[in-house]
Protein chains: 2
Amino acid sequence: MTEARKASRRPGAGRRAGESGTREAILDAARREFGARGYDGATIRGIAAAAGVNPALVHHFYGAKEQLFAAAMRLPVVPSQVLSAVMAAERERLGDDFVNHIGEALVRGLLGIWEAPEPRSAFLGLIRSAVTSERSAAMLREFVTGTILATLMQVARPADADDRTSRYRASLVATQVIGLGFARYVLQLKPLATASTEDLVAAIGPALQRYLTGDLGPTT
Amino acid sequence: MTEARKASRRPGAGRRAGESGTREAILDAARREFGARGYDGATIRGIAAAAGVNPALVHHFYGAKEQLFAAAMRLPVVPSQVLSAVMAAERERLGDDFVNHIGEALVRGLLGIWEAPEPRSAFLGLIRSAVTSERSAAMLREFVTGTILATLMQVARPADADDRTSRYRASLVATQVIGLGFARYVLQLKPLATASTEDLVAAIGPALQRYLTGDLGPTT
DNA sequence: GTCTATATGATGATAGAC
DNA sequence: GTCTATCATCATATAGAC
């Protein structure tokens with residue numbers, strides 16, 4: 001059990017003498033457990049076991065379960081900023097043509113973020129918890145709309161960013177993005193879960209492109 | 001508490017004398033509770049209270065919790081058959097142009113099915129349970145792929161229906177369908193949850209159309 | 001920082017009276 | 001068919017020793 005704790009210990013530069021790395025081990029284990037089982041399914045005991053520590057320590061460091069969840073879902077890197085950086089790079093690469101390929105860039109950026117274990121666990125933890133907890137649902141709502149509205153800013157003027165149409169477009173994009181994550185990582189739907197990033201970029205990118213910039217019918 | 005049981009009693013024709021509506025009341029309550037809270041979140045006690053009966057009766061009629069869940073998710077009407085009927089009607093209405101509007105027909109049919117409480121509760125129960133239970137995930141996989149592959153049959157020859165490309169197309173459709181249900185009913189994402197059926201048909205239909213019949217990139 | 005021991009409560013399931 | 005009573009299990013959370 002103690003091996004897991006040692007394994008996640010990193011040679012930190014500024015860490016004070018006497019600290020053991022237990023805090024980080026618990027947080028990593030919590031992210032994995034919440035990601036795999038959701039808020040209700042994950043237990044303090046299970047998280048403690050995965051981190052190789054005593055259950056009482058979890059409470060000692062992070063207090064109640066809900067606070068631990070909030071801490072575990074709060075990543076050291078902010079996905080929306082990572083995505084913005086990816087978008088900026090794509091804009092550089094494509095030039096004026098960027099506006100017609102922003103949907104593909106979005107899929108590529110999201111799949112790239114989800115390749116790393118920590119952001120993926122956090123995203124799955126939010127999805128798995130949102131279905132039974134209104135608090136988690138609110139967190140997931142903020143996360144996806146925030147991330148996607150940031151993407152919309154890349155194509156629309158900031159002044160238009162919070163009007164009704166923009167929110168409608170963003171929520172449509174959100175349906176496809178959440179459904180992609182759900183089907184690929186939670187449901188593990190067969191031909192989709194094993195498809196390559198570029199296949200999915202080519203397949204789903206244009207759909208997002210249409211939601212972002214296309215004609216959506218008579219009402220809009 | 002007993003009012004709920006009386007309220008759901010229907011004047012059935014072939015019911016034997018002496019039977020109360022308790023069986024059906026329990027099943028209805030179970031569907032509502034599983035739909036609202038998922039398998040783990042729903043409790044036998046809560047279901048019994050919603051049905052206005054004693055918790056022991058639930059076990060008496062349906063045995064273990066898992067059997068009750070299976071019974072509650074099994075609807076009297078089969079959604080894929082309802083959807084096939086809707087599709088046939090649309091094909092009648094549109095004639096040769098039907099093949100270009102099958103995506104819109106699919107969205108219209110699904111939203112129509114989800115308007116009724118029982119199928120919607122069953123769908124939400126599967127989604128809410130699939131995130132923590134592998135058994136429920138398998139049920140949801142079967143449900144969506146079965147429903148969507150049935151739709152694909154409307155546009156492709158049965159001989160092509162189970163090859164790799166068809167499954168790939170079906171899984172892409174599944175991402176958008178699941179994401180739509182999740183965002184609209186679970187997350188209740190604002191501009192989307194209140195949008196009209198026809199708005200969503202116009203917005204999402206073409207995306208599904210492309211997944212079903214369009215060009216999906218170099219690999220396919 | 002780390003642990004043992006425990007308070008407190010909810011759950012699924014069963015046995016058996018009426 | 002319907003109910004009361006109860007068991008065994010597992011959860012979060014806390015108090016306090018070392």
Side-chain angles (χ1 to χ4, degrees), chain A residues 1-6 8-9 12 15-27 29-30 33-34 36-72 128-129 132-133 135-136, chain B residues 1-6 8-9 12 15-30 33-34 36-72 125 128-129 132-133 135-136:
Chain A
M1 289 294 176
T2 330
E3 294 79 7
R5 171 169 135 218
K6 283 182 186 162
S8 73
R9 187 189 301 179
R15 183 180 300 143
R16 290 200 312 268
E19 288 190 7
S20 55
T22 305
R23 270 190 111 92
E24 290 82 358
I26 291 173
L27 205 61
E33 289 290 305
F34 283 132
R37 308 176 201 270
Y39 182 82
D40 295 317
T43 65
I44 303 280
R45 288 163 153 79
I47 291 167
V53 302
N54 189 279
L57 272 190
V58 179
H59 279 113
H60 177 61
F61 281 124
Y62 293 98
K65 188 182 182 183
E66 202 159 331
Q67 299 171 258
L68 175 61
F69 180 73
R128 288 201 157 96
S129 308
T132 48
S133 149
R135 278 183 55 86
S136 303
Chain B
M1 288 295 175
T2 330
E3 294 81 7
R5 173 170 132 216
K6 283 180 187 163
S8 73
R9 187 187 301 179
R15 183 179 298 142
R16 289 200 313 266
E19 286 191 7
S20 57
T22 305
R23 265 192 114 92
E24 290 81 0
I26 291 174
L27 204 61
D28 281 0
E33 288 290 304
F34 283 131
R37 307 176 203 271
Y39 182 82
D40 295 318
T43 66
I44 302 280
R45 287 162 154 82
I47 291 168
V53 304
N54 190 279
L57 272 190
V58 179
H59 279 114
H60 177 60
F61 282 125
Y62 293 99
K65 188 182 183 184
E66 202 160 330
Q67 299 171 257
L68 175 60
F69 180 74
R128 289 199 157 98
S129 308
T132 48
S133 149
R135 277 184 55 85
S136 302

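To find a chain, count down the sequence lines: A is the first, B the second, and so on, and within it residues start at 1.
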For B:R45, which residues count as a salt bridge (charged side-chain N to carboxylate O under 4.0 Å, His left out) partner, sequence neighbours excluded?
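Listed in chain order: nothing, the list is empty.
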
Tell me, with the steps shown, if A:I47 and A:L68 meet side chain to side chain contact (heavy atoms under 4.5 Å, CB included).
CA-CA 10 Å; A:I47 291 167; A:L68 175 61; 4.0 Å; yes

For D:dT2, take OP1 and OP2 only and decide whether either is under 4.0 Å from a side-chain N or O of B:T22.
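Result: yes.
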
Base, sugar-phosphate alone, or nothing: which one does B:A48 contact when heavy atoms must sit under 4.0 Å apart?
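If one applies the 4.0 Å heavy-atom cut-off, B:A48 turns out to touch nothing in the nucleic acid.
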
Interface with DNA chain C, restricted to residues 57-67 of chain B and to heavy atoms under 4.0 Å:
B:H59, B:A64, B:K65

Options D:dT6, C:dC3, D:dT4, nucleotide nearest the side-chain atoms of B:R45:
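When the side chain of B:R45 is considered, D:dT6 is the closest of D:dT6, C:dC3, D:dT4.
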
Tell me which nucleotide among C:dG12, C:dT4, C:dT14 gets nearest to the side chain of A:A56.
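Looking only at heavy atoms from C-beta outward on A:A56, the closest nucleotide is C:dT4.
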
Between [N] atom [atom2] and [X] atom [atom1], what is the distance in whole Å?
| X | N | atom1 | atom2 | result |
| --- | --- | --- | --- | --- |
| A:Y39 | D:dA11 | OH | P | 14 Å |
| B:E33 | C:dG12 | CD | P | 11 Å |
| A:I47 | D:dC10 | CD1 | P | 18 Å |
| B:R37 | C:dA10 | CZ | C1' | 14 Å |
| A:D40 | C:dG9 | CG | P | 20 Å |
| A:R23 | C:dG1 | CZ | P | 7 Å |

Determine whether A:F69 and A:R135 make a side-chain contact, defined as any pair of heavy atoms from C-beta on separated by less than 4.5 Å.
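A side-chain contact under 4.5 Å is absent here.
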
Side-chain touch A:F34/A:K65, heavy atoms, less than 4.5 angstrom
yes

Between B:Q67 (side chain only) and B:A64 (backbone N and O only), is there a donor and an acceptor less than 3.5 Å apart?
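Yes; at least one donor-acceptor contact below 3.5 Å.
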
Table please: side-chain donor-acceptor pairs of residues 48-62 of chain A below 3.5 Å, with sequence neighbours left out.
from	atom 1	to	atom 2	distance (Å)
A:N54	OD1	A:A56	N	2.9
A:Y62	OH	A:R23	O	3.0

